[in-house]
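Take a look at the structure below.
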Amino acid sequence: MNCKTVIRLEKPNPKLQSVFDQFLQLFPREQDLIDYLDLIALGVKRLLYGDRLDCVPLKEQITFVLRSFDGIAHVIGDKQKELHLSLDFLQGQGVSLESMTGVIWHEMVHCWQSTNGISGGLVEGIADYVRLKAGYPASGWTTAVRDQEWDCGYCTTAYFLEWIETKSPCFVQRLNITLITEPWSYDLFKRLSGHEVDDLWWEYKQ
C-alpha cells in the first residue's frame with residue numbers, strides 16, 4: 001500500500017497571516033507541497049533502509065499540519081502520522097525552503113525510523129544524522145563535545161554516528177533495520193559496530 005500524503009493548513013491568527021501567506025507563495029499548488037514532502041520521505045527511507053526498502057514499515061497516511069504553536073515541529077501518530085510545523089517558528093526564522101527543509105527532514109525520520117527500546121537521545125540523534133547526511137545541518141551545529149553522553153541526542157549524537165560509520169560503514173542503516181525485529185541492547189550495538197560504545201565514545205572525544 002502506498003502511503004498517502006495529506007495537507008492540513010490551519011487558519012492562523014491575524015499576527016501570523018503574513019507568514020502563512022509567504023508559505024503559500026513557496027507552494028502555489030497543494031500538489032507542489034505534496035511532491036516536496038514525498039521527495040523528502042523517499043530520501044529519508046533510503047538513508048534509513050538503503051536498498052532494503054522492503055523493510056520500510058507500512059504507513060497509511062502522513063498529514064502535514066501547518067499551525068501556530070510554541071516550539072518548532074513534532075510528529076504524532078503510528079500508522080497515520082501527523083507532522084506539525086510551527087508558524088511561530090517560521091516567523092522567527094523567516095519563511096524559506098532553507099529554514100524549513102532541515103527541520104522537515106528531521107521530523108520525517110520520526111515517521112519512518114525503528115525505535116524498539118532505544119533511548120530518546122538516540123532517536124533524536126538518528127534523526128539529526130539523517131538530516132546531516134541529506135546535507136541540511138543547522139547553522140549552529142558543532143562537533144565539540146564537553147560533558148555530554150554519546151546518546152544525549154541531536155547533533156552531538158549525529159556527528160558521533162557519522163564518525164562511527166568511518167569504522168563501520170552503513171552502521172545506522174544496519175541498526176535501524178535490525179531494530180525492526182530485535183530490541184535495543186549494548187550487545188546489539190557491539191555486534192553491529194564491532195566495538196563497545198564506550199570505547200568508541202572515548203576515542204571519538206580525543
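Scope of the values below: all heavy atoms of this structure, side chains included, with no hydrogens, waters or symmetry mates. These figures come from a predicted structure and were not determined experimentally.
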Residue among K79, Q80, K4, K81 satisfying side-chain hydrogen bond (donor to acceptor under 3.5 Å, both in side chains) with E60:
Q80
Determine whether [X] and [Y] fall in the same hydrophobic cluster, where Ile, Leu, Val, Met, Phe, Trp and Tyr are linked whenever their side-chain heavy atoms lie under 4.5 Å apart.
| X | Y | answer |
| --- | --- | --- |
| V56 | L47 | yes |
| W112 | V75 | yes |
| I72 | I76 | no |
| V145 | W163 | yes |
| L42 | V6 | no |

How are the rings of F64 and F23 set to each other: parallel, tilted or perpendicular (split at 30° and 60°)?
parallel
Mutual orientation of the aromatic rings belonging to H106 and H110 [parallel < 30°, tilted 30-60°, perpendicular > 60°]
perpendicular
The side chain to side chain donor-acceptor pair (under 3.5 Å) partners of E196 (sequence neighbours excluded) come to K190
Got a sec, which residues hit side chain to side chain donor-acceptor pair (under 3.5 Å) with K15, two or more places apart in sequence or on another chain?
none
Side-chain donor-acceptor pair under 3.5 Å between [X] and [Y], yes or no?
| X | Y | answer |
| --- | --- | --- |
| H74 | E82 | no |
| T178 | R191 | no |
| Q148 | Y154 | no |
| H84 | E107 | no |
| D21 | Q17 | yes |
| T157 | D151 | no |
| T101 | Y36 | yes |

Take atom [atom1] of [X] as the centre, draw a 6.0 Å sphere, and report whether it contains more than 12 heavy atoms from other residues, nucleotides or ligands.
| X | atom1 | result |
| --- | --- | --- |
| W202 | CH2 | no |
| F89 | CZ | yes |
| D70 | CG | no |
| R46 | CZ | no |
| D147 | CG | no |

Could you tell me if the side chain of [Y] sits less than 4.5 Å from the side chain of [X], heavy atoms only?
| X | Y | answer |
| --- | --- | --- |
| V44 | I40 | yes |
| L179 | L188 | yes |
| N176 | I126 | no |
| T115 | W184 | no |
| L26 | M100 | yes |
| L161 | L122 | yes |
| V109 | Y129 | no |
| L37 | I7 | yes |

Main-chain N/O of [Y] paired with [X] side-chain donor or acceptor, under 3.5 Å:
| X | Y | answer |
| --- | --- | --- |
| S168 | F171 | no |
| D88 | Q91 | no |
| K205 | W201 | no |
| R131 | Y136 | yes |
| R174 | P169 | yes |
| D32 | F27 | no |
| T5 | I34 | no |

How far does [atom1] of [X] sit from [atom2] of [Y], to the nearest 0.5 angstrom?
| X | Y | atom1 | atom2 | value |
| --- | --- | --- | --- | --- |
| C111 | L48 | SG | CG | 11.0 Å |
| Q22 | S96 | CD | OG | 10.0 Å |
| T142 | Y159 | OG1 | OH | 7.5 Å |
| C152 | F160 | SG | CZ | 10.5 Å |
| F69 | L87 | CZ | CG | 8.5 Å |
| D38 | C3 | CG | SG | 8.0 Å |

Decide side chain to side chain contact (heavy atoms under 4.5 Å, CB included) for Y204 and T143; before the verdict, give the C-alpha distance in whole Å, the side-chain angles of both, and the deciding distance to 0.1 Å.
CA-CA 10 Å; Y204 174 72; T143 58; 4.3 Å; yes
For D128 and C155, the nearest pair of non-hydrogen atoms, with its separation, is OD2-N, 3.1 Å
Give me the atom names and distance for the closest heavy-atom approach of L132 to A158.
CD2-O, 4.3 Å
Step by step, would you call L175 with I118 a side chain to side chain contact (heavy atoms under 4.5 Å, CB included)?
CA-CA 10 Å; L175 174 62; I118 66 177; 5.6 Å; no
Test log, rule side chain to side chain contact (heavy atoms under 4.5 Å, CB included), inputs H195 and I164:
CA-CA 10 Å; H195 304 273; I164 287 174; over 6 Å; no
Identify whether the distance between the nearest side-chain nitrogen and carboxylate oxygen of E203 and K167 falls below 4.0 Å.
yes
For Y49, the ring pair (Phe, Tyr, Trp, His ring centres under 6.0 Å) test, sequence neighbours excluded, returns none
